[in-house]
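Treat the numbers as computed from the prediction; the structure is a model and nothing was measured. Letters A, B, ... mirror the listed sequences (proteins, then strands); counts begin at 1.
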Protein chains: 2
Amino acid sequence: MAYRETEKMRTRKAQVRQRILDCAFACVRQGGFQSAQVTQVAASAEVATGTIYRHFESKEALFAEVFRIATQREVDKVAEALATPGKAPDRLATALALFAARAMRGPTMAWALIAEPIAPKVEEERLIYRKAYAEQFERAIMDGVAEGSLPAQDARLTSTCLVGAIAESLVGPLSPTQQASNPLPDDLKQQLIDQIVGFCIQGLTGARR
Amino acid sequence: MAYRETEKMRTRKAQVRQRILDCAFACVRQGGFQSAQVTQVAASAEVATGTIYRHFESKEALFAEVFRIATQREVDKVAEALATPGKAPDRLATALALFAARAMRGPTMAWALIAEPIAPKVEEERLIYRKAYAEQFERAIMDGVAEGSLPAQDARLTSTCLVGAIAESLVGPLSPTQQASNPLPDDLKQQLIDQIVGFCIQGLTGARR
DNA sequence: ATAACAAGTGAATCACGATTCAGTTTTTGT
DNA sequence: ACAAAAACTGAATCGTGATTCACTTGTTAT
C-alpha cells in the first residue's frame, strides 16, 4: 500500500482551487459572465483546462461559487452600513450610497450580479442574493416604520424599488459599454449618487432630507 | 426572357416576411430572446430555415426588428397616456400604472425589452428604446417642474429611476420563472401596481398623493 | 527503489445552434 | 410548352466553447 492523502497535499490542492476561483472572479470582474470562458480561467490560473474539472463539477458550479463570493462581499458591506447607530432614513441613505458607489466603481461586476443573464444554477444564487439584500433593507425600513421615522409601507416592495432604481440608473442607460469609454470624474459621480439616493429616500419618506 | 417581379409575388413575399416576424415575436413573448431559435421560428412559420435568411440578413437582424416593433408598441402606449390633459403628477401616475400593468401582463416580453441581455445589434435597438422612454417621462417631469407641480430635479435621472424601480419590482425578484408558476390574482396585481406607482410618485413629488 | 494511487495535462470529442448552398419548385413572359 | 429568374428547401457545414479521457507527472508508504 502507498499514497495516503496528506496535509501537505490537501493544502496544495486547496491553493490551486483558490487560485482558480480568484482568476474566475477576475474574469467576471473584467468582462462579466458572458465572456468568462473555462479555457481563459485555466490559462490565467496557469493550469490545464482539465484541472478545472478536477476542482469543480462544471463551469456552472465554478461560476455559481464565484457569484456567491462576490455577492457575499456586497451584502456584508451593506449590512455593515445598516448596522451603524442612527435613525432608519440616515442609515438607509448611507447604505444606499455605499451600494451605489461600489456598483459604480465596478460596473461590470455590478451588472453581472444584478442583471446579467446567466446559467440556471447561477441564477439560483442570484435569487438568494436578492433575498439577502431585500432582508437587509427591509429590516431597516421596518425599523423606520416602528420608530416613526418612516410612514407605513410594504417594506419588501419598497426595498425592491430601491435596488431597481439604483441598478437601472447606474448600469442601465449608463450601460457597461458606455462606462468603459467615458468614465465620469469623481465629483460628478458623487453628485449622481447623491441625486439617486435623494430620489430613493424621498420615495421612502415622502420628504426631502 | 421571363419572370418579372409582379405585384402578386411582392404581396406574397411580404406576407411570408410578416408571418416570420409574427412567429418570431410569439417566440420572444413566450420564452424571451434567449430561447428564440431560428429553427423554431422557421418551424412555427411553416417555412424552411433557409427561407428566414431570404427575408432577413441574419438572426440578429430579424430579432432587432422584432424588438423594434414590440418596443414601439409600448412607447406609443405610454406617450398616449402622457398626452392626456391634467397636471404632470397625475399624467405620470397614469402612465406609470399603464406601463406596469402591461409589463405585468406580459412579463417575459417586458423582461426581454428591459433587461434581457442580447446580441449587440439588438442592444442598439434597446438604447433607442430607452431613449424614447426617457424622453416621454422626462418631458412630463419637466412640464411638472415648469408648472410648479413637481420640485426641481434632474428629469433624466429621475425618469431612469422610475423605469428601474418598476422593472425591478415587476420582473426582478418576481422573476420570469416565478411568474409562470404563481400568477397573482387580479386584485392583488392592481394593489401591487398602486403601491409601486405610489413609491415612484412620492420619489418625484416628495409627497403622498 | 518501487508499488499504488492521486493530480495534472491538453488534444480530441461533443453539443448546439447559426448559416450556407446545391438542388427543387414556383412563377412569369413569350 | 418552354426558358429564364426567383424563391424555397433542409441536410450539411461551420464556429464556438464546454467537457472528456488516455496518458504523464508527482506524492506517499514500505
Point to revise | Criterion salt bridge (Lys or Arg N to Asp or Glu O under 4.0 Å) on A:E124 and A:K121, from CA distance to verdict | key: CA-CA 5 Å; A:E124 283 175 38; A:K121 258 186 202 152; over 6 Å; no
Review point. Can you list every salt bridge (Lys or Arg N to Asp or Glu O under 4.0 Å) pair that touches residues 67-83 of chain A, not counting sequence neighbours?
Key: A:R68-A:E125, A:E74-A:R102
Study note, to complete from the structure: In short, ring pair (Phe, Tyr, Trp, His ring centres under 6.0 Å) pairs touching residues 4-31 of chain A with sequence neighbours left out are none
Exercise for review: Go through the steps for B:Q190 and B:D194 under the test side chain to side chain donor-acceptor pair (under 3.5 Å), then give the verdict.
Suggested key: CA-CA 6 Å; B:Q190 190 52 52; B:D194 290 344; 3.1 Å; yes
Practice item. Please name all residues satisfying side-chain contact (heavy atoms from CB on, under 4.5 Å) with A:E7, sequence neighbours left out, ordered by chain then number. Key: A:R10, A:T11
Practice item. Please state how far atom CZ in A:R10 lies from atom P in C:dA7, giving the value in whole angstrom units. Key: 11 Å
Revision key, fill the gap. Sequence neighbours excluded, the answer for side chain to side chain donor-acceptor pair (under 3.5 Å) partners of A:T158 is A:Q153
Taking only distance into account, with no hydrogens and no angle test, what donor-acceptor pairs under 3.5 Å do side-chain atoms of residues 44-59 of chain B form with protein atoms, sequence neighbours excluded?
| unit_1 | atom_1 | unit_2 | atom_2 | d |
| --- | --- | --- | --- | --- |
| B:S44 | OG | B:V41 | O | 3.3 |
| B:S58 | OG | B:E60 | N | 3.4 |
| B:S58 | OG | B:A61 | N | 3.2 |
| B:K59 | NZ | B:A36 | O | 3.2 |

Revision key, fill the gap. Here the residues of residues 11-28 of chain A within 4.0 Å heavy-atom distance, strictly under, of DNA chain D are A:R12
Practice item. Mind running a 4.0 Å heavy-atom check of residues 53-68 of chain A against DNA chain C and sending the residues that fall below it, in number order? Key: A:R54, A:H55
Review point. With sequence neighbours left out, what residues match A:Q40 under side chain to side chain donor-acceptor pair (under 3.5 Å)?
Key: none
Review point. What pairs with B:Y129 under ring-ring contact (aromatic ring centres under 6.0 Å, His included), at least two apart in sequence or on another chain?
Key: B:F67, B:Y133
Study note, to complete from the structure: With sequence neighbours left out, the residues meeting side-chain contact (heavy atoms from CB on, under 4.5 Å) with A:A100 are A:I166, A:L170, A:I193
Check your understanding: Starting at CE of B:M9 and ending at C1' of D:dA7, how long is that distance when rounded to a whole Å?
Key -> 8 Å
Study note, to complete from the structure: Rounded to whole Å, NZ of B:K121 lies from C1' of C:dA18 at a distance of 13 Å
Practice item. Let me know the distance between CD of A:E7 and C1' of D:dT28, rounded to the nearest Å. Key: 15 Å
Check your understanding: Could you state the CZ-C1' distance from A:R4 to D:dG26, rounded to the nearest angstrom?
Key -> 16 Å
Point to revise | A:T6 side chain, from C-beta outward: closest of D:dT28, C:dT19, D:dG17 | key: D:dT28
Study note, to complete from the structure: Across all chains, not counting sequence neighbours, the side-chain contact (heavy atoms from CB on, under 4.5 Å) partners of A:M9 are A:Y3, A:T6, A:R12
Point to revise | B:I52 CD1 - C:dC21 P separation (whole Å) | key: 18 Å
Review point. Where along residues 42-51 of chain B does a heavy atom fall under 4.0 Å from DNA chain D?
Key: B:V47, B:A48, B:T49, B:G50, B:T51
